[in-house]
Amino acid sequence: MNDIKYLECITSAPSSTANLGPGYDVFGLGLNALEDIVCLKVIKKAKSNIDNIKIKIKGEGNQSIPIDPEWNSAGKVAKKIIADYYLNKYDFIINIEKNIPPGYGMGSSAASAVATALAFNKIFELDINDTKLLNYAAEGELASAGVKHYDNISGSFFGDFVIVKSKPELEFIKIKSPTNLAMVVCVPLIDVPKMKTEAARKILPEEIPLKKMVQNISNACTIVAGFFNKDIQMICNGIEDCIIEPVRQKLIPGYQQVKEGALGAGALAFAISGAGPSTIAFLNSKTKGSQVSNVMEETYEKLNIKCKTFICNSSKGARVISLK
Ligand code: HSE
């Protein structure tokens with residue numbers, strides 16, 4: 001890598017959903033509903049050696065996102081890469097164009113983290129392999145979830161469906177989604193706590209009865225088989241979670257009504273998207289998408305809650321847009 005005076009790299013990373021019901025912390029799916037765009041600017045430092053990261057955010061929910069690098073998902077990624085690769089002779093400006101609403105279960109923090117890791121890798125020609133790159137991106141999840149989890153970042157980075165195998169070695173198993181798999185994500189615009197994911201994890205049971213574990217494993221395996229076979233009905237048959245959903249649904253107003261409405265309007269399966277409060281309905285084509293989204297919207301309207309819906313397919317993952 002030649003000495004850099006000034007370079008900027010623009011990257012994007014899509015929204016994602018995690019868990020798909022029984023695959024808590026294991027399943028990620030990239031969604032082409034929305035994407036965050038990151039412009040990383042690298043400037044050769046004039047004097048001191050103190051690392052300097054400036055984060056600027058515009059767009060969706062920007063006021064609720066901390067710009068202190070220690071508390072920002074992109075900032076945490078940047079700090080770690082700068083330290084590991086001795087890049088503190090540069091100043092960094094990270095401009096984030098937020099399109100994915102932060103804190104609602106659509107992988108917003110993950111997308112900014114992924115796009116930032118990708119931009120560093122590109123600008124400095126670091127040649128970081130995918131697993132290591134996602135390990136850097138997962139640093140960003142510490143800012144919102146308090147722990148590293150890889151489901152959203154892997155879905156956002158690779159696109160399509162990803163299984164996270166975490167132990168003993170971190171590994172990502174990617175399976176292409178059936179092209180006609182369609183989703184409707186519904187985002188209720190309720191107030192969410194600052195560290196929402198952390199809060200939604202704290203309420204989960206630490207131990208689970210064997211019977212529930214068996215039921216969730218059998219559903220999770222059905223989902224995996226469905227993706228392998230490109231069989232949407234099979235995928236949807238597995239999207240049923242008897243461990244997390246009963247606990248977390250209490251954080252989502254109108255959850256059962258929205259679920260019943262979506263399934264009644266033709267959705268084949270329904271789940272909490274990630275840690276919520278968004279929900280996600282699965283369909284075998286976009287044809288019934290607007291029918292399902294209308295019902296979800298009407299249900300929230302009756303509850304006097306504003307919401308946004310997105311009809312989407314699987315995404316193709318994160319990408320470098322430009323380097324100059
Ligand atoms: N697997 C994580 C959780 C996803 O459910 O807490 C957070 O988006």
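Counting starts at 1 for both ligands and their atoms, following the listed order.
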Quick note, side chain to side chain donor-acceptor pair (under 3.5 Å) partners involving residues 209-238, not counting sequence neighbours, are Asn216-Asp241, Gln233-Asn237
Salt-bridge criterion met for Lys316 and Asp160 (N-O under 4.0 Å)
yes
Going by atom type alone, with no hydrogens or angles, which donor-acceptor pairs under 3.5 Å involve a side-chain atom of residues 24-32 and a protein atom two or more places apart or on another chain?
from, atom 1, to, atom 2, distance (Å)
Tyr24, OH, Arg201, NH1, 3.4
Tyr24, OH, Arg201, NH2, 3.4
Asp25, OD1, Arg201, NH1, 3.1
Asp25, OD2, Arg201, NH2, 2.6
Asn32, OD1, Asn313, N, 2.8

For each nitrogen or oxygen atom of ligand 1, which protein N/O atoms lie closer than 3.5 Å, and how far apart are they, rounded to 0.1 Å?
from, atom 1, to, atom 2, distance (Å)
ligand 1, 1 (N), Asn19, OD1, 3.0
ligand 1, 1 (N), Asp25, OD1, 2.5
ligand 1, 1 (N), Asp151, OD2, 2.6
ligand 1, 5 (O), Asn19, ND2, 2.8
ligand 1, 5 (O), Arg248, NH1, 2.7
ligand 1, 5 (O), Arg248, NH2, 3.4
ligand 1, 6 (O), Arg201, NH1, 2.8
ligand 1, 6 (O), Arg248, NH2, 2.9
ligand 1, 8 (O), Asn152, OD1, 2.8

Ring center gap for Phe172 and Phe157 short of 6.0 angstrom
no
Ring pair (Phe, Tyr, Trp, His ring centres under 6.0 Å) filter on Tyr255, not counting sequence neighbours, yields Phe270
Q.
Quick one, His149 and Thr197 - any side-chain contact, counting heavy atoms below 4.5 Å?
A. yes
